[in-house]
Asks: 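Sharing a structure here in structure tokens format.
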Amino acid sequence: MSKLTKPVAKKITLTHPATGTKRKFDASIYQPVKAAILQSLQGSKGKTFTELTDDVVKIIHKKAPGFKRSIPWYTISIRLDLETRGMVETFTEKGKKLNRLKK
């Protein structure tokens, strides 16, 4: 490989559950945020988006302290993709929109 050739980052295609819109993310960002979302929701009866995001921010900062991008933005995008893939669901309880792992 010459000095001018950059290694190609592996991309993962995300799909929005309602619109079908597709977007590509680097796997190096997708995988840790996905793992943090699943870790946060594990054993939870349901979390608001704010609670989920707060957890993901803490988990990412612990595992990757140098991560400088918008964790809440990645969290919503990847959470929607996980909903499309049937891993996470959104439901309403007592007027609150909550997220949980799909049973």
Side-chain angles (χ1 to χ4, degrees):
M1 188 184 315
S2 76
K3 289 182 180 180
L4 298 175
T5 317
K6 277 193 346 186
V8 178
K10 186 174 184 305
K11 299 281 188 187
I12 294 178
T13 302
L14 285 71
T15 307
H16 190 288
T19 63
T21 306
K22 295 188 183 306
R23 167 178 279 140
K24 289 185 186 276
F25 278 27
D26 282 352
S28 63
I29 293 171
Y30 181 89
Q31 294 300 348
V33 175
K34 173 187 170 189
I37 291 169
L38 296 177
Q39 180 182 331
S40 171
L41 293 177
Q42 191 72 42
S44 168
K45 287 183 169 62
K47 291 188 177 190
T48 65
F49 180 69
T50 303
E51 293 167 335
L52 176 61
T53 302
D54 289 347
D55 279 357
V56 172
V57 167
K58 286 178 199 155
I59 294 165
I60 295 293
H61 281 159
K62 198 178 280 182
K63 292 183 177 178
F67 193 87
K68 296 286 184 241
R69 299 184 180 191
S70 172
I71 295 171
W73 186 83
Y74 283 104
T75 301
I76 189 67
S77 298
I78 294 171
R79 194 211 55 77
L80 286 167
D81 181 64
L82 294 176
E83 190 173 319
T84 303
R85 296 173 192 256
M87 298 170 77
V88 173
E89 64 184 350
T90 304
F91 65 101
T92 304
E93 189 175 275
K94 296 179 185 165
K96 277 188 177 178
K97 228 172 139 177
L98 301 172
N99 304 282
R100 67 180 170 207
L101 294 177
K102 202 156 186 180
K103 295 176 176 145

Asks: I'd like to know whether Ile12 forms a side-chain contact (heavy atoms from CB on, under 4.5 Å) with Gln31, so could you lay out the CA-CA distance, the side-chain angles of the two residues, the decisive distance to 0.1 Å, and finally the verdict.
Replies: CA-CA 9 Å; Ile12 294 178; Gln31 294 300 348; 3.3 Å; yes

Asks: Write down the atom of Pro32, the atom of Ala27, and the distance for their closest heavy-atom approach.
Replies: CD-O, 4.0 Å

Asks: Starting from Leu98, can I reach Val88 by hopping between I/L/V/M/F/W/Y residues whose side chains sit under 4.5 Å apart?
Replies: no

Asks: Val33 and Ile71: side-chain contact (heavy atoms from CB on, under 4.5 Å), yes or no, with the steps?
Replies: CA-CA 8 Å; Val33 175; Ile71 295 171; 5.5 Å; no

Asks: Could you grab the distance from atom NZ of Lys102 to atom CG of Leu41, nearest 0.5 Å is fine?
Replies: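 Between atom NZ of Lys102 and atom CG of Leu41 there are 13.5 Å.
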
Asks: Testing the basics here: between Gly46 and Glu51, what is the closest heavy-atom pair and its distance to 0.1 Å?
Replies: O-OE1, 4.4 Å

Asks: Calculate, to the nearest 0.5 Å, the distance between atoms NZ and OG1 belonging to Lys34 and Thr75 respectively.
Replies: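 One gets 14.5 Å once the value is rounded to the nearest 0.5 Å.
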
Asks: At their closest point, which heavy atom of Ile60 faces which heavy atom of Ala36, and how far apart are they?
Replies: CD1-CB, 4.2 Å

Asks: Do Leu38 and Val56 belong together in a cluster built from hydrophobic side chains that touch within less than 4.5 Å?
Replies: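 In one cluster: yes.
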
Asks: With rounding to the nearest 0.5 Å, note down the distance linking NZ in Lys45 to CZ in Phe91.
Replies: 10.5 Å

Asks: Tell me if a side-chain donor or acceptor on Lys47 pairs with a main-chain N or O of Ser40 at a distance below 3.5 Å.
Replies: yes

Asks: Examine Phe49 and Leu101 and state if one hydrophobic cluster contains both, with Ile, Leu, Val, Met, Phe, Trp and Tyr joined whenever side-chain heavy atoms are less than 4.5 Å apart.
Replies: no

Asks: Say whether, by atom type as modelled, one donor and one acceptor occur between the side chain of Asp81 and the main chain of Thr15 under 3.5 angstrom.
Replies: yes

Asks: In terms of hydrophobic clusters joined by side-chain contacts under 4.5 Å, are Met87 and Leu80 together?
Replies: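 No; Leu80 is not reachable from Met87 via cluster members.
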
Asks: For a quick test of reading the model, state the closest non-hydrogen atom pair linking Phe67 to His61 and the distance between them.
Replies: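 Shortest heavy-atom contact: O-NE2, 4.2 Å.
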
Asks: Rounded to the nearest 0.5 Å, what's the gap from OG1 on Thr48 to CG on Asp54? Could you check?
Replies: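 Spacing of OG1 (Thr48) from CG (Asp54) equals 7.5 Å.
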
Asks: For Glu93 and Arg100, run side-chain contact (heavy atoms from CB on, under 4.5 Å): C-alpha distance rounded to whole Å, both residues' side-chain angles, the deciding distance at 0.1 Å, then the answer.
Replies: CA-CA 12 Å; Glu93 189 175 275; Arg100 67 180 170 207; 5.6 Å; no

Asks: Taking all non-hydrogen atoms of both residues into account, name the closest pair between Ser77 and Arg23 and its distance.
Replies: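 Smallest interatomic distance, heavy atoms only, reads OG-NH1, 4.2 Å.
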
Asks: Is it true that Asp26 and Lys11 make a salt bridge, defined as a side-chain N closer than 4.0 Å to a carboxylate O?
Replies: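 Yes, Asp26 and Lys11 are salt-bridged.
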
Asks: Which distance, rounded to the nearest 0.5 Å, do you find between the OG1 of Thr13 and the NZ of Lys22?
Replies: 7.0 Å

Asks: Measuring from atom OG1 of Thr21 to atom CG of Leu14, what distance do you get when rounded to the nearest 0.5 angstrom?
Replies: 11.5 Å

Asks: Write down the atom of His16, the atom of Thr84, and the distance for their closest heavy-atom approach.
Replies: C-OG1, 3.5 Å

Asks: If you group Ile, Leu, Val, Met, Phe, Trp and Tyr by side-chain heavy-atom gaps below 4.5 Å, do Ile29 and Ile76 land in one group?
Replies: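 Per the 4.5 Å side-chain linkage, Ile29 and Ile76 are not co-clustered.
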
Asks: Can you classify the ring geometry of Phe25 versus Trp73 as parallel (below 30°), tilted (30 to 60°) or perpendicular (above 60°)?
Replies: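 If you compare the ring of Phe25 with that of Trp73, the planes turn out parallel.
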
